[in-house]
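Have a look at the structure below before the remarks.
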Amino acid sequence: GSAYGTFFVPKEVRNSKAFQTALDIYMSKDRKIVTWTIPLSVDPYSKNAMGVAHEIDKTIREAISHTPYNNLQIGTGGVSSANYDLSNISNSDFTLTIILMLAGIGVLLLIMYRSVWITVTILGTLILAYYFSLTITENIFTHFFDVPGLSWTIPFFAFIMVIALGVDYSIFVMMRYKEYKHQGMVVAILMAVERTGSVVISAAIILAGTFAAMYPSGVTTLIQIATVVIIALLLLAFVLLPMVLPASISLLDRILKSDQETVTPEKKEDIYI
């Protein structure tokens, strides 16, 4: 009876060739493996579809656990489910990538400049550029192009590109800073930005143009990653490097001078003598 979630199929129908052909489509030859095809009402490549695939898998497992068939092996396939699994793997790899990249770059900057302050400033500037560009890009695609959001692959690849490209510009500016440091920290960073500004801006614009070549492809993922990188490059070249970096160095200079002025009177006399 249908009230019990079952239905009756006559033996002659079950043994018929047409019925067996239908079963072959959804079951293995030994009839121990069953395939259910579930069409989604959303784009199978979207983030929403990834969530739906996960819910389907979760729901089936929970339902089976309350039946005599709780030892069944269950798996969910398809594009949406595969993307969900890849997204989880990517997220764990992304965390490891962030740690390794920032640690590696941080050690290198410490060796080059022998300053924790400068190292933290450069890393902070790059991270700011990354998150600002990511946020701006998501808002652009969400509000102007009616896209649900960024592809799940964008944060991973954009981080690698933005950090790798941005640290080059930062090192370029700071190497000039080291050359002028004998003239004072504030003067040195201002001269470094002035001398390297046109070169950094030119390089950023040329590289932005290179990434803009992805736009004619029409592939949403490529367009999104190009947008993130272009915005990050422009932010670094026009805002963060010429403004945040000098401000941070000036703040460090003021802190150092303040520490020198807090010397006790006895020690001041010794210094003046």
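These numbers come from a predicted model, not from an experiment. Residues take their numbers from the sequence shown, with the count starting at 1.
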Whether Thr142 side chain and Asn139 backbone form a donor-acceptor pair below 3.5 Å: no
Nearest heavy atoms of Pro242 and Pro246, plus distance in Å: O-CG, 3.2 Å
Same apolar cluster: Phe144 and Ile231, side chain cutoff 4.5 Å: yes
4.5 Å side-chain heavy-atom contact, Leu245 and Leu240: no
Check against side chain to side chain contact (heavy atoms under 4.5 Å, CB included), Thr97 and Phe156: CA-CA 8 Å; Thr97 301; Phe156 183 89; 3.5 Å; yes
Min side-chain heavy-atom separation Met191-Glu179 under 4.5 Å: no
Under 3.5 Å donor-acceptor, Trp117 side chain and Leu251 backbone: no
Heavy-atom side-chain contact between Ile225 and Met214 under 4.5 Å: yes
Within-4.5 Å side-chain heavy-atom neighbours: Ile171 and Leu109: yes
Nearest-0.5 Å distance, CD1 of residue Ile230 to CD1 of residue Ile136: 12.5 Å
CA sep, side-chain torsions, deciding dist, call: Met27, Thr35, side chain to side chain contact (heavy atoms under 4.5 Å, CB included): CA-CA 6 Å; Met27 302 181 71; Thr35 301; over 6 Å; no
Hydrophobic cluster membership, Val34 vs Ile60, 4.5 Å side-chain cutoff: yes
With sequence neighbours excluded, residues passing salt bridge (charged side-chain N to carboxylate O under 4.0 Å, His left out) with Asp85: none
Under 3.5 Å donor-acceptor, Tyr169 side chain and Leu233 backbone: no
Donor + acceptor pair across side chains of Ser81, Thr76 (<3.5 Å): no
Linked, directly or transitively: Ile33 and Trp36 (ILVMFWY side chains, under 4.5 Å): no
Those residues that, when tested against Ser133, pass side chain to side chain donor-acceptor pair (under 3.5 Å) (two or more places apart): none
Leu150 reachable from Val219 in the ILVMFWY side-chain graph, under 4.5 Å edges: yes
Side-chain (Ser115) to main-chain (Ile118) donor-acceptor, under 3.5 angstrom: yes
Value rounded to 0.5 Å, distance of CD in Glu62 from CG in Asp57: 10.0 Å
Heavy-atom pair of closest approach, residues Phe94 and Tyr130: CZ-OH, 3.4 Å
Residue pair Ala158 / Val228: nearest heavy atoms and the distance that separates them: CB-CG1, 3.6 Å
Main-chain N/O of Leu252 paired to Lys257 side chain as donor or acceptor, under 3.5 Å: no
OH on Tyr177 to CZ on Arg195, rounded to 0.5 Å: 15.5 Å
Nearest atoms (heavy-atom pairs only) where Ala237 meets Ile201: O-CG1, 3.9 Å
Rounded distance [0.5 Å steps], CZ in Phe157 versus CD1 in Ile154: 8.5 Å
Linked, directly or transitively: Leu123 and Leu96 (ILVMFWY side chains, under 4.5 Å): no
Derivation and outcome, side chain to side chain contact (heavy atoms under 4.5 Å, CB included), residues Val200 and Val193: CA-CA 9 Å; Val200 171; Val193 171; over 6 Å; no
Side-chain heavy atoms of Leu134 within contact of Glu138, under 4.5 Å: no
Minimum-distance pair of heavy atoms, taken over all atoms of Arg114 and Ile111: CG-O, 4.0 Å
Spacing of Ile163 atom CD1 and Asp168 atom CG [to the nearest 0.5 Å]: 11.5 Å
Results of side chain to side chain donor-acceptor pair (under 3.5 Å) for Tyr84 - residues two or more places apart only: His54
Sole residue of Val167, Leu102, Leu165 in side-chain contact (heavy atoms from CB on, under 4.5 Å) with Leu126: Val167
Where at least one partner belongs to residues 196-224, residue pairs that pass side-chain hydrogen bond (donor to acceptor under 3.5 Å, both in side chains), sequence neighbours excluded: Tyr215-Thr227
Salt bridge (charged side-chain N to carboxylate O under 4.0 Å, His left out) involving Asp24 - partner list, sequence neighbours excluded: Lys29, Arg31
Rounded distance [0.5 Å steps], CE in Met185 versus CZ in Arg254: 12.5 Å
Working for side chain to side chain contact (heavy atoms under 4.5 Å, CB included), residues Tyr180 and Ile189: CA-CA 8 Å; Tyr180 304 129; Ile189 190 62; over 6 Å; no
Residue pair Phe19 / Asn15, side-chain heavy-atom distance below 4.5 Å: no
Heavy-atom donor-acceptor pair, Ser170 side chain to Ile122 backbone, under 3.5 Å: no
Closest non-hydrogen atom pair between Gly166 and Leu236, with its separation: CA-CD1, 3.6 Å
With sequence neighbours excluded, residues passing side chain to side chain donor-acceptor pair (under 3.5 Å) with Tyr131: none
Val244 backbone acceptor or donor facing Ser248 side chain under 3.5 Å: no
Met243 side chain near Phe238 side chain, heavy-atom distance below 4.5 Å: no
Val52 vs Ser80 side-chain heavy atoms within contact, under 4.5 Å: no
